[in-house]
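Here is the naming used below: chain letters follow the sequence lines, and residue numbers restart at 1 for every chain.
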Protein chains: 2
Amino acid sequence: MTTSRPVTLADVARQAGVSLATASRALNGSARVVRPDLAERVCAAAAELGYVPDPVAQSLARKSSNLVGLIVHDIADPFFSSIAAGAMRVADEMDMVLTLGATGRDPRREIALVTTMKLQRARALVLVGSRLTDDPEAEQRLATELEAFAANGGRVCSVRQPGLPGDVLQPDNRGGARELAAALAGLGHRHVAVIAGPEGVATSEDRLAGFREGLAAAGVDPGSIRVHRGRFDRDGGYAAGAELAADLSPTTCVFALSDVMAMGAVAALRERGVSVPDDVSVAGFDDIPTLRDTVPALSTVRIPLESIGERAARMALENPAPEEPRHVVIPAEVVLRASTAPPRAG
Amino acid sequence: MTTSRPVTLADVARQAGVSLATASRALNGSARVVRPDLAERVCAAAAELGYVPDPVAQSLARKSSNLVGLIVHDIADPFFSSIAAGAMRVADEMDMVLTLGATGRDPRREIALVTTMKLQRARALVLVGSRLTDDPEAEQRLATELEAFAANGGRVCSVRQPGLPGDVLQPDNRGGARELAAALAGLGHRHVAVIAGPEGVATSEDRLAGFREGLAAAGVDPGSIRVHRGRFDRDGGYAAGAELAADLSPTTCVFALSDVMAMGAVAALRERGVSVPDDVSVAGFDDIPTLRDTVPALSTVRIPLESIGERAARMALENPAPEEPRHVVIPAEVVLRASTAPPRAG
DNA sequence: GGCACGTTGGAAAGCGTTTGCCCACCACGG
DNA sequence: CCGTGGTGGGCAAACGCTTTCCAACGTGCC
């Protein structure tokens with residue numbers, strides 16, 4: 001067998017005895033209708049020859065590819081990889097190819113990735129991850145770039161705080177943190193420490209604000225809240241946990257603003273002989289899957305990560321596009337597990 | 001400002017007063033040399049106009065895109081997402097766009113994904129994840145599809161057992177398991193249970209075989225090894241752990257063939273009142289990052305996941321392609337932590 | 001029966017690159 | 001002075017599709 005050149009649409013058209021235009025219209029949806037008998041002939045020919053359309057050529061001609069871009073901060077972080085799994089599923093259910101970009105939390109890389117996807121003529125973009133409240137300029141540039149993306153026919157759905165063009169899926173960070181605060185106060189905690197991300201990370205700020213509100217509502221003096229800041233990842237949590245362990249009293253409860261931070265914090269506390277929840281309670285936020293199985297199981301605020309990924313992808317890919325950008329808030333649910341307990345008497 | 005059509009190569013050529021061909025040769029590497037002064041003019045024009053080449057058009061003309069495909073079983077699994085993070089880094093260091101495919105452990109989806117990436121004219125493919133020893137036919141079809149991919153100029157690097165076209169990066173599953181067995185036997189364990197994946201999952205089989213070898217070498221009766229099989233994920237581990245808990249004696253040590261399985265197993269054991277490592281030791285395999293922080297910290301066999309992702313991507317993207325496909329074995333290293341201890345006296 | 005109109009097929013012009021081929025030009029050797 | 005070979009620019013043909021535009025062919029209406 002000679003190395004066979006791949007079958008092109010021209011081959012199909014010839015075989016079916018019709019023009020290229022007709023073959024194209026018959027095989028790939030088009031506004032134009034072709035007579036049923038012709039359409040039939042074309043399909044038969046395509047099947048017989050084993051024709052498969054060339055996505056690259058289609059992208060060029062249509063000015064739109066079957067790529068959907070997913071942009072996250074760090075794919076190794078379970079928060080993002082869970083969302084990615086959901087988006088993945090939808091993407092290939094819709095026969096789209098998902099591309100992955102990691103920003104490493106650098107706003108400039110984020111913008112660069114959007115540009116790349118614009119050049120690739122991606123059909124849609126799912127943007128996941130907190131913005132920086134203290135870098136409005138970068139946020140503005142990102143918005144501009146997304147506008148450009150949208151102007152080329154791309155759709156956008158971001159999983160983050162509102163403010164960007166396109167649909168927004170926003171976990172209820174503030175509300176969730178508020179409720180968690182209520183729950184912790186309900187357990188009797190009055191001296192709470194918070195392990196937060198760097199100043200300016202919006203997700204972290206929202207959760208912190210909600211938490212403060214909740215505590216205040218429960219009658220806890222907001223001035224008593226100790227806030228430790230660090231990188232918004234496991235190592236940041238670890239560092240903060242170490243600080244805390246060195247000087248714990250009178251803290252009875254630690255709220256880490258994300259599960260991965262909580263994980264690091266717990267590790268640091270434990271290494272220093274502080275027992276959770278006996279000496280101090282710890283709660284996190286996100287409910288990443290792995291922390292359900294740890295000891296003690298982590299109390300947290302549950303966000304349905306995979307389902308967020310799915311919804312985001314679906315919103316971005318859905319046809320037809322809605323006239324108005326949508327803004328949906330994803331409720332967050334407090335789940336208390338073993339890592340929190342009432343403060344030790346005394 | 002009128003909505004400006006993007007700048008094309010033709011614009012640049014006109015501005016520089018040269019032909020399309022010359023502009024193309026000057027801007028994008030080509031075998032042909034262009035006179036320095038012309039090249040200079042072209043670059044100046046490009047810079048002035050803000051020209052950016054259209055990757056889709058380039059893909060069509062060159063028959064090769066700047067996509068690199070990463071195919072994994074499940075991106076939410078830390079094993080795969082860690083590898084993905086490494087591959088990601090290399091991809092965008094090389095200005096490639098990484099696409100992500102998830103097979104859900106279905107060999108047919110795996111093949112379909114390869115086909116998709118072939119149609120996309122991906123430059124390279126990184127395939128991660130165990131093959132099925134009991135489905136040689138699917139393996140053959142996959143190999144065929146990869147040949148086709150390679151025939152179109154694509155490069156392949158697989159992180160799995162050898163047997164596929166292209167480079168192979170193979171964690172030393174067998175050797176690692178063997179050494180782990182030695183270490184566990186060294187602790188004094190004589191009655192061991194193994195939590196394995198489904199029959200036919202090559203990674204699982206390799207580790208099991210290595211483990212048996214190691215135990216045999218240490219003088220443990222291979223007949224005494226109890227093997228529980230289940231899905232090769234957290235839930236499979238949990239189910240097996242539950243079975244084990246119901247009927248533990250005389251087992252003093254459990255080896256789960258992956259960390260995520262170990263995680264499930266530990267959870268199940270604990271829920272049933274079996275304490276690790278007091279009642280039974282548990283070890284895993286892979287050393288996924290999250291399990292270093294758990295209590296007890298999991299003894300395991302360390303595989304450098306991110307670095308494997310990096311190396312795989314680099315091998316697949318490296319220029320020029322080696323004449324011979326490469327086969328490199330990644331050493332695995334036993335790391336004993338708190339989840340393993342000598343068996344209880346008596 | 002003529003005319004306007006709605007349908008539908010086909011020719012061809014894109015889409016934005018790369019590249020095969022021809023040719024002009026120059027340097028050099030005979 | 002002419003032939004020869006090497007260098008490098010430009011034309012135009014790919015690459016494989018979509019879509020515009022035109023023409024042909026009914027149909028229905030007056």
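First and last contacting nucleotides of DNA chain D toward chain A (any atom under 4.0 angstrom from a heavy atom, 5' to 3' order): dG16(D) to dC21(D).
Taking CD1 of I330(A) as the reference point, atom CG of L169(A) lies at 4.0 Å (rounded to 0.5 Å). In this structure, the separation between CG on L38(B) and CZ on R25(B) is 11.0 Å, given to the nearest 0.5 Å. Separating the CZ atom in F149(B) from the CE atom in M117(B) is a distance of 7.0 Å, to the nearest 0.5 Å. Note that CG of D11(A) is 9.5 Å distant from OH of Y51(A), once rounded to the nearest 0.5 Å. Remark: R141(B) CZ to L146(B) CG distance equals 12.5 Å, nearest 0.5 Å.
Residue contacts shown for R32(B) include a base, since a base heavy atom lies under 4.0 Å away. Contacts of T8(B) with the nucleic acid, taken as non-hydrogen atoms under 4.0 Å apart, involve only primed sugar atoms and P, OP1 or OP2. Here L20(B) lies in heavy-atom contact (under 4.0 Å) with a base. Residue contacts shown for V56(B) are absent, as no nucleic acid heavy atom lies under 4.0 Å away.
Judged purely by distance below 3.5 Å, without hydrogens or angles, the side chains of N66(B) and Q120(A) pair a donor atom with an acceptor atom. A donor-acceptor pair shorter than 3.5 Å can be found between the side chains of Q15(A) and E48(A).
Going from atom CG of D11(B) over to atom C1' of dT17(C) covers 13 Å, rounded to whole Å. Look at CZ on R35(A): it is 15 Å from P on dT7(C), rounded to the nearest Å. For the pair D54(B) CG and dG16(C) C1', the interatomic distance rounds to 6 Å; values are reported in whole Å. Straight-line distance from the CG atom of D37(A) to the P atom of dG9(C): 8 Å, rounded to whole Å. As rounded to whole Å, 17 Å separates atom P of dG16(C) from atom CD of Q58(A).
Of the candidate nucleotides dG10(C), dG16(C), dT19(C), dG10(C) has the atom lying nearest to any side-chain atom of R25(A). Checking dG14(C), dG10(C), dT18(C) against every side-chain atom of A61(A), the shortest atom distance belongs to dG14(C).
Of the side-chain N and O atoms in R62(B), one or more sit less than 4.0 angstrom from OP1 or OP2 of dT18(C). Side-chain N/O atoms of S19(A) include none lying less than 4.0 angstrom from OP1 or OP2 on dA11(C).
Two residues, R121(B) and L38(B), neighbour DNA chain D, and the one matched to the more 5' nucleotide by heavy-atom proximity is L38(B). Between L60(B) and G17(B), the residue anchored nearer the 5' end of DNA chain D, judged by the nucleotide with its closest heavy atom, is G17(B).
An angle of 60°, rounded to 10°, separates the two end axes of the helix from dG1(C)-dC30(D) to dG30(C)-dC1(D), each defined over five pairs.
Within 6.0 Å of CZ on R326(B) lie more than 12 heavy atoms contributed by other residues, nucleotides or ligands.
At least one donor-acceptor pair closer than 3.5 Å links the side chain of D54(B) to the backbone N or O of A57(B).
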